[in-house]
Every structure is written in structure tokens, then in C-alpha cells.
Amino acid sequence: MRTSQFPLNTVKETPADAEIVSHQLMIRAGLIRKLAAGLYNWLPLGLRVLRKVENVVREEMDRAGGLEVSMPVVQPAELWQDSGRWEVFGPELCRFQDRHHRDFCLGPTHEEIITDLVRNEIKSYKQVPVNYYQIQTKFRDEIRPRFGVMRAREFLMKDAYSFHMTQDSLNDTYEAMYGAYSRIFERLGLEFRAVLADTGAIGGSLSHEFHVLADSGEDAIAFSDQSDYAANVEMAEAVALKFPDEAPAELATVATPGQHSIDEVSAFLKVEPQRILKTLLVKGTEGGVVALLLRGDHELNPIKATKLPSVAYPLEFASDAEVREAASCAPGSVGPKGLTIPVIADRSAAELVNFVCGANVDGQHLTGVNWERDLPRHEVADLRLVVEGDVSPDGQGNLRIARGIEVGHIFQLGTKYSEAMQATVLNEDGKNQVLTMGCYGIGVSRVVAAAIEQNHDERGIIWPEALTPFQVALTPINMATSEKLQATAEHLYTTMKAAGLDVLFDDRKARPGVMFADMELIGIPHRIVISERLLETGRAEYKNRRDGEAIEIALEEVIPFLLSRPGIA
RNA sequence: CGGGGUGUAGCUCAGCUUGGUAGAGCGCUACCUUCGGGAGGUAGAAGUCGAAGGUUCGAAUCCUUUCACCCCGACCA
């Protein structure tokens, strides 16, 4: 491709409304342009990258036995009413009516549609398992779209849905998808981790997320430094931290006027926070409140808390009035002693000895408290967020915490949708049997942004080979003034293309600085420069975008040299 | 939805407090000079000052309403 026929829509200035690097660079490099909040046009350069991702995804899905389909973006309400999600889904489901006043929505996901398709088309156990996938535009009316295509309202997603007679069969496909996803992100040249995940609103049992590691990531993930354990911190199991054995101290009541927070009490009583018991009162499912106990240095994990049958979802803290009713004091002085409401202790809180807790009297705390002697043993659960350095739940190594961008998510759905929508087939006994489902998503447009977050410098994007819109930039200097240079450039361009190289020939009448800056901004990994000066010795200059390595090579060696570069052929 | 902020040329912004015929830099067009790291000069094109209403002799500027966009929180690939 020639730049004279492929306008580079680069801009020098950083757009004012772009927060993160990938968003800024995608606009500066001319990959995307915003149309409205959360809606983007993809320019030719950006679309080339998007298609690269798409193709890798498609190849690996096909290799793993997926069958490509295409389902409409617009979906009839009836199917959503069938699954029960028409009512359950919030305002992010964009609903509208057609001219006949029939209800429709823009598909945020396609479980309903595929389940309907399968219940109509798949009749026999002989036709399963099947794994249908599509690469399709989705629309979610996000509360707050941000970070460019990272959290857009309209985005490109690969979604796959598998149907099975047995859990074993689902396990097989789940594993195949796990493998396919790993290959996809490896081929794309991204540093990623697969982590145990919460199944969230989609429902189901087993689930893994695939995260591209980047400091700007919205998710925190925990992984062991010695084993392959990895989980979203929302999910990461927190093991009980033992407390050193000590002789029991005497139980005492102390005045702690005006000391409410853990830090205040810690400073006032000169006791380290980990020896103070934090008592949180939250709303319960039955309408009352429930007490959750944590070590003072630990934080509550709301996801874990709301999974407890007695705790209301979503998590809501008790009001001051409710606290006073349950504990007869203000929130800063609450403790478990004497409470008549349900009490659940975190595993590590249950290990405390000689600790401090609220006395349920304003301005008073208890010291030297011990379980059993002073307080009954309560229900114990995993309630806290893991922290860096925690023992890994598999017992091997310690947890480290990194930030990641979720680019893929695989679920074992079970029969949630197939049951509700009656997706059944006849089994070997001639009986109707509900199919078991899995679903598997990749945020294709998000992958592009994630790749940039992970691969850029102060000059712009540095594309991994598998994603780059062009492999090689051919930049002749002042070509217009030299017929010889022009002829050499044209010849190089033609032979490079013939050699199968995807080359962007900068034939603009631009100054060298402009060409270099543009090619670096748009992230082309390899650059060939030719000039009058170089021509005198029959050489060209090669420069690598990532490591900045620059060498001169003989003109006739240019193509063999490029083809020998890792990842290019 | 709650809290905060911004709308003026394609982009980044000044002008608004104190009302008086619309500005800069970048980008774009043409020409001259320059030519290995976002050049210099000359000339030019380009704006219903987000929209509506009001106050005023006169509104980008003051008042009211409204829309859009951005940031912080709860949702998600």
C-alpha cells in the first residue's frame, strides 16, 4: 500500500478527552474516531488491526471445532421474555419498538438467540455436542462508557455457545476453549493470564477470565509466585492466617472516647490493627442485619459476602439507626459480644487471640478478648479480599497481585438457559433431555486497545507482529528530487510485495521527520529507509521499532533480511 | 443515577470577571526557500461562539431553560 492512496489520519496533539494511553494512541494514530459516547468509527488503518485479531480468533475457533454462524444484532423481546432476562436486565439492555409497536432490543449477548436456534435445529443426541460461534457487534448501553474502545457501548465480540448431553462433554469443550484462548493470546503476542473468575450475572458454575496484563487494567488479579494458581481478586480464596500462640490475657473494658475507625483505635490503644476485630453490620436477606467479622488489617470482599445465604445482594451496609438497634451503640464501637443477630467471622478473624473489639457501648472497647472463653464460636467463612503476600490457596507460594484487562471469559453455564427455553433433544432412550451449555467470549475490539496498553512507548504504538496493520514501512528520503532514488524505491516496493511482505510505501512528498514520526506513531515494526546518501554505497537502513536497533544492509539483502526476522514470515 | 467539569475554526485552547462587528498555535490549500527526525516565509480557505428563550441600543460575554460531551462512584467483554 502507498500512503498516497492510503491517507494516514495521524494527529500531533493528544485529544483532550482521552484518558488512557491506548485511547490516546488509537486516536492519534488514526485507528478510530469517536462518533458519540461509546461509539467509534474504525478507520482503514484500525480496521486492518481489528481484522487481524478477528482472523486469529476465527482460525483458532475453527481449529478447536467451533462452527461459525451469524446472528442478528436486533433481537425480539419474546426470546428475552422466554429466558426471563427481559425483566432482569437493567437499562444497559437497549430496548425499542419497531413500526408495529413490537418490542426489540440490541443484542448485548446472544444466549437467547442461540438457544432458540439450537432448540429448533438440534433434535437428537446424535447431533451434539456442537459449539457455535460468531464474531458480531454487540451493544450494551453502559452507564459510563470510557477509555475509548476499551469500554465502548458498541463493540466487536467473538461469542461461542456449546451444547452437550453430559457434564463430561461440557468439560471437554471447556478445556478445548481454554486451550484455544491460550493459543489465541499467545499468537497475538500478548502477555496474559487465565484466572479463576466469578460467574456474575450470566450464571453458571466454573468460569475463567483471560486477562492481558497492564497497569491500567480495571481488574486486579492474584496469582501464586510458585504455582499456576491465578484468580480474580474478587474470587481469590483467602486462607486463614494463624496467630502466634500466646497465654490468654485478661478480658478488660477500656474507654476509647471518640475512637471509631480501626486506625484511631489502633493508635489510641497502641495495638496493631491486625489484633483488632472489625465488625461490619450489613443488611441480611431476611430484612434484619448480619454482623461480619474481619481482622482490622483486612478488607471485606463484597462478592464473597453476598454469596452467603444470610447476606442480601447487592451488599448494603446497615444504617446508623439499624446499628444502634442491633448493638445499642454507634458503628465505631460495635463488637460481636452479646449480639443477637447472625454473626459470621472471616477465617483469619477466627484465629485471633487476645484481641480488641467494640464493646457495644459508645466509646468503649474490650481488650484481651478470646474466642470460646469470652465469645461463642461463630460461623466461619472466607470473607476478606486477599492481599499481596498471602499464602496461595493451593499451599504453594505466596500471592502476588497485578492488574489486568479482561479480554476473554469462558463459562460453564449448565442448564440455566436451555431449561428456561426448553432446549431439549431426544436421548438414546427416546426421552427429552435438557442440553447443558457453555459460553465463551472474547472482546475483539478490546483486544486491540489492550495490545496497545501493553506495547507502546513515548513515540507511539509498537505492534506485535500478529497485529500490525503493515509489516514494513518503506520510507525513501526526498524521493521527489532523485529519479534514481525513486526507481530504487519503486523496485523495492514491488519486490517486497512479491515476496509476500505487507509493506506501507511512504511515497508522500513529506519531510523525513514527518514520515518517521508517522510510521513510529502507527507502530509499524520494521522500517526500511533509503536515500541518495545510502544509495551511493548500495545500502539501505533497517530500523526496528521495538528495540530501536538500526543497521545498514546491502539493497539486495533487504528482502532476505526482513524475511529472516522472527515472526514476519 | 448522584457529585464535579467543559462546550468558541478540523484539533488544542485564549477571549467571558468589567457587554461594543471573532482570536492564537497546530492542521489544511497555493507559491518560494529548505530537505536524515513533526522546517521557515508569503498569501489564503475555514466559526449561525452547543441549542432555545430572555435582559440590553448592542450578547461568545449577563439571566433562564435545554442538549451534548468529559471526569469521580455503583455495572461489564
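Just so it is clear: chains get the letters A, B, ... in the order the sequence lines come, proteins before strands, and each one is counted from 1.
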Counter-base of [N], judged by Watson-Crick or G-U geometry with both distances under 3.5 Å:
N     : result
B:G27 : none
B:U66 : B:G50
B:C16 : none
B:A39 : B:U33
B:G73 : B:C1
B:A45 : none
B:U55 : none

Rounding to the closest angstrom, what is the interatomic distance between [N] and [M] at atom [atom1]?
N     : M     : atom1 : result
B:U12 : B:C71 : P     : 14 Å
B:U29 : B:U61 : P     : 34 Å
B:U66 : B:G20 : C1'   : 28 Å
B:A46 : B:A30 : C1'   : 15 Å
B:A77 : B:C69 : P     : 24 Å

Under 4.0 angstrom, heavy atoms only, what part of the nucleic acid is [X] near: base, sugar-phosphate, or nothing?
X      : value
A:E541 : base
A:K543 : base
A:E13  : base
A:A18  : nothing
A:V407 : sugar-phosphate
A:D518 : base
A:G408 : sugar-phosphate

Could you tell me the separation between the [atom1] atom of [X] and the [atom2] atom of [N], rounded to a whole number of Å?
X      : N     : atom1 : atom2 : value
A:K34  : B:C69 : NZ    : C1'   : 6 Å
A:R153 : B:C69 : CZ    : P     : 7 Å
A:K509 : B:U29 : NZ    : P     : 12 Å
A:F147 : B:C75 : CZ    : P     : 16 Å
A:I27  : B:C11 : CD1   : P     : 11 Å
A:L93  : B:C75 : CG    : P     : 18 Å
A:D141 : B:A74 : CG    : C1'   : 16 Å
A:E218 : B:A74 : CD    : P     : 11 Å

Give a yes/no answer on whether the side chain of [X] brings an N or O atom under 4.0 Å of OP1 or OP2 in [N].
X      : N     : result
A:R144 : B:A74 : no
A:R33  : B:C11 : no
A:K12  : B:G27 : yes

Open item on the list: Quick check: on RNA chain B, is the nucleotide nearest A:L521 upstream (toward 5') of the one nearest A:P15, or the reverse? Name the residue that is more 5'.
Closed with: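 Looking at RNA chain B, the more 5' nearest nucleotide goes with A:P15.
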TODO: Would you mind telling me which residue lines up with the more 5' stretch of RNA chain B, A:R28 or A:M150, judged by nearest nucleotide?
DONE: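 That would be A:R28.
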Task: Min side-chain heavy-atom separation A:L93-A:W86 under 4.5 Å - done: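 A:L93 reaches A:W86 side chain to side chain.
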Open item on the list: Should the side chain of A:R140 and the base of B:C76 be counted as holding a donor-acceptor pair, with the cut-off at 3.5 Å?
Closed with: no
Open item on the list: Stacking between A:F516 and B:G36, defined as ring centres under 5.5 angstrom apart with planes under 30°, is that present or not?
Closed with: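 Whether judged by distance or by angle, A:F516 falls short somewhere, so it does not stack on the base of B:G36.
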- [ ] Verify whether the ring centers belonging to A:Y178 and A:F210 lie closer than 6.0 Å.
- [x] yes
Distance-only donor-acceptor hits, side chain of residues 441-450 of chain A, under 3.5 Å, sequence neighbours excluded:
| residue | atom | partner | partner atom | Å |
| --- | --- | --- | --- | --- |
| A:S445 | OG | A:L156 | N | 3.0 |
| A:R446 | NE | A:M150 | O | 2.9 |
| A:R446 | NH1 | A:E406 | O | 2.7 |
| A:R446 | NH2 | A:M150 | O | 3.1 |

Should [X] and [Y] count as an ion pair when the cut-off is N to O under 4.0 Å?
X      : Y      : value
A:E60  : A:R187 : yes
A:E19  : A:R151 : no
A:R546 : A:D457 : no

Task: Considering all heavy atoms, the nearest A:P464-A:L188 contact - done: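 Heavy atoms only, the tightest pair is CB-O, 3.4 Å.
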Open item on the list: Quick check: closest heavy atoms across A:R403 and A:D215, and the distance to 0.1 Å?
Closed with: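 Looks like CD-O, 3.5 Å.
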Task: Residues that A:T436 engages under side chain to side chain donor-acceptor pair (under 3.5 Å), provided they are two or more places apart - done: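 A:T436: no side chain to side chain donor-acceptor pair (under 3.5 Å) contacts found.
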TODO: Measure from NZ or CZ of A:R51 to the centre of the six-membered ring of A:W42, then state whether that distance is under 6.0 Å and the direction lies within 45° of the axis.
DONE: no
- [ ] Scan residues 527-537 of chain A against RNA chain B and write down, sorted by residue number, each residue with any heavy atom closer than 4.0 Å; if none is found, say none.
- [x]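 Close to the strand are A:R527, A:V529, A:S531, A:R533, A:L534.
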